[in-house]
Amino acid sequence: MDIYTRRSNMKIILGIMGLTILVVTILYSNYLARNLAISEEKNTRIYKMAQDFLNNSEDFDADIEIQTEIISNFEVPVILEKTDGTLEGYNWSLERNTDSLFLERKRAAFLSEGKEPIFSRLSKDKVYVFNTPLLTRIKYFPLIQVLLVSIFVALGYYLFNTSRIAEQNRVWAGMAKETAHQLGTPISAILAWVEHLRDTSAGNDAQLEVIDELSTDVNRLELIADRFSKIGSSPELEKTNIYVQLDEIKNYMIKRASRNVKFDFPIPGDELYVSLNRHLFDWVLENLIRNALDAMRGKGTITAKVYEEEDTVSVDLSDTGKGIPASKQKMVFQPGYSTKKRGWGLGLSLAKRIIENYHKGKIFVKHSKINEGTTFTIRLPRYP
């Protein structure tokens, strides 16, 4: 089980836990709301009985006491429908208590919900009971809680993700600079041995040819060390003809690929300029080409196409390899993802960093199909 599978499982577990908490909260809030509604209905019945008692009582002092203690303190919004059909509102606003249109509309809404009014035992009046502000707030509380929890989770995720990315950047920069430092000593020694071999091979053309290629590779190692040393700093971008740069990379990689691999790159005759750090851009393309060579297993075609889109220049790099499953295409640029048994999964992640952070461009999988091939697109700003 790789790190991304574990991460996905953790997200599922946390999602289930969060959903469980929300469901329990909603159920409990609904339980409280139901009980409060029942309690308010009981209070309404008491209120109606008190009114009926007042209407039939002969004890004036008792009337005043009951009115003060029961009726005046009753806060549930109600509509009283008299036997003649007139409506009276209680515990609404002063204007709405006597607004017949408002009371008719509220009564119609009450009946449309399938509710039944309360009938008094002492009179034939009907009482329509409505939610108090407290009951309404309790019913809407789960929605407010969902909103607050969502904001909290989103903020926490943003802060955690930002911190994680910053930490990764520091680790990558430190690792890259240390690698460049460690490569420096053996490269210097190899260069000295190459020059020694050149001196002792004078007149041996075949051996000198091998030494020239060896020297080229050592110079390439120096270039790689220089690339690593630039990670974490802001590289200088230069005006570069994209066609010439692609041709240089093609010529270098042809000598290091199988003879059964064909390179179909544009001929460097046109001029189309972009802002590049050539060393870092070469690193990106070399990484993509090496991945393509691995995917094709030493046989196939690698194609490069260049085209313009408004203020950008795009390069499509295609191969005829084994392709990338659709479920994995969004993961290929994540650190640690690799299809190779001994891969570190940093190549494409660093490529994305170089193109998007340093060159303000985009790199993505444009198309991929199993056993047919993959196309990566690099989109760069045109040179101003």
Side-chain angles (χ1 to χ4, degrees), residues 216 220 223-224 226-227 230-231 234-296 298-324 326 329-330 332-333 347-369 371-384:
T216 300
R220 201 69 181 182
L223 177 60
I224 291 172
D226 180 64
R227 292 171 181 172
K230 286 182 169 62
I231 297 295
S234 298
E236 295 182 2
L237 305 182
E238 302 174 349
K239 179 182 178 182
T240 306
N241 187 338
I242 190 66
Y243 290 107
V244 173
Q245 199 65 25
L246 286 174
D247 191 61
E248 291 180 2
I249 296 168
K250 180 196 73 173
N251 293 333
Y252 175 77
M253 295 302 298
I254 281 178
K255 298 178 181 179
R256 286 145 186 86
S258 167
R259 294 183 180 179
N260 295 321
V261 174
K262 179 183 177 182
F263 285 79
D264 184 9
F265 277 49
I267 299 174
D270 298 330
E271 294 184 357
L272 184 59
Y273 292 96
V274 292
S275 298
L276 284 183
N277 180 284
R278 289 181 290 175
H279 291 175
L280 294 178
F281 182 72
D282 286 355
W283 188 0
V284 172
L285 282 184
E286 288 173 20
N287 192 282
L288 293 177
I289 292 173
R290 287 195 180 93
N291 287 345
L293 293 173
D294 291 339
M296 295 188 301
K299 183 178 181 180
T301 302
I302 298 177
T303 305
K305 293 182 179 180
V306 179
Y307 53 94
E308 304 175 56
E309 293 179 327
E310 297 181 354
D311 295 329
T312 64
V313 175
S314 297
V315 178
D316 283 357
L317 193 69
S318 306
D319 63 62
T320 55
K322 59 185 179 181
I324 304 172
Q329 291 179 16
K330 292 184 179 180
V332 296
F333 294 104
L348 289 178
S349 177
L350 289 173
K352 184 179 180 69
R353 177 186 175 90
I354 290 170
I355 295 298
E356 297 190 357
N357 290 12
Y358 295 158
H359 291 84
K360 307 305 177 185
K362 291 288 184 182
I363 181 172
F364 54 90
V365 178
K366 183 177 184 179
H367 172 75
S368 186
K369 194 170 183 180
N371 297 325
E372 291 188 12
T374 300
T375 298
F376 282 89
T377 295
I378 299 174
R379 187 170 294 156
L380 299 167
R382 185 200 301 272
Y383 185 81

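Here Glu356 pairs with Lys352 under the side-chain hydrogen bond (donor to acceptor under 3.5 Å, both in side chains) rule; sequence neighbours left out. Annotation: side-chain contact (heavy atoms from CB on, under 4.5 Å) contacts of Ala295 (sequence neighbours excluded): Lys322. Under the salt bridge (Lys or Arg N to Asp or Glu O under 4.0 Å) criterion, Lys369 pairs with Glu372, sequence neighbours left out. By the side-chain hydrogen bond (donor to acceptor under 3.5 Å, both in side chains) test, Thr303 is found to be paired with no residue, residues two or more places apart in sequence or in another chain being considered. Under the salt bridge (Lys or Arg N to Asp or Glu O under 4.0 Å) criterion, Glu238 pairs with Arg278, not counting sequence neighbours. In terms of the side-chain contact (heavy atoms from CB on, under 4.5 Å) criterion, residue partners of Leu237 (sequence neighbours excluded) are, by chain and number, Ser275, Asn277, His359. Considering only residues two or more places apart in sequence or on other chains, Thr320 meets the side-chain contact (heavy atoms from CB on, under 4.5 Å) condition with Met296, Thr301. Partners of Ile254 according to the side-chain contact (heavy atoms from CB on, under 4.5 Å) rule, which considers only residues two or more places apart in sequence or in another chain, are Lys250, Phe263. For Glu310, the salt bridge (Lys or Arg N to Asp or Glu O under 4.0 Å) criterion is met by no residue, not counting sequence neighbours.
Within the 4.5 Å cutoff, the side chain of Ile363 has heavy atoms near those of the Phe333 side chain. Annotation: side chain of Ile324 is in contact with side chain of Phe376 (closest heavy-atom distance under 4.5 Å). Contact of the Val284 side chain with the Leu280 side chain is not registered, since no non-hydrogen atoms from C-beta on lie closer than 4.5 Å. The shortest distance between side-chain heavy atoms of Leu317 and Phe265 falls below 4.5 Å.
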Would Asp282 and Tyr252 count as a side chain to side chain contact (heavy atoms under 4.5 Å, CB included) if you check the C-alpha gap in whole Å, the side-chain angles of each, and the deciding distance to 0.1 Å?
CA-CA 10 Å; Asp282 286 355; Tyr252 175 77; over 6 Å; no

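Contacts classified as side chain to side chain donor-acceptor pair (under 3.5 Å) and involving residues 375-384 (residues at least two apart or in different chains) are given here: Glu308-Arg382, Glu309-Arg379, Ser314-Arg379, Asp316-Thr377, Ser318-Thr375. Listed by first and then second residue, the salt bridge (Lys or Arg N to Asp or Glu O under 4.0 Å) pairs that reach into residues 261-271 come to none, sequence neighbours excluded.
Here the straight-line distance linking atom NZ of Lys366 with atom CD of Gln329 works out to 13.5 Å at 0.5 Å rounding.
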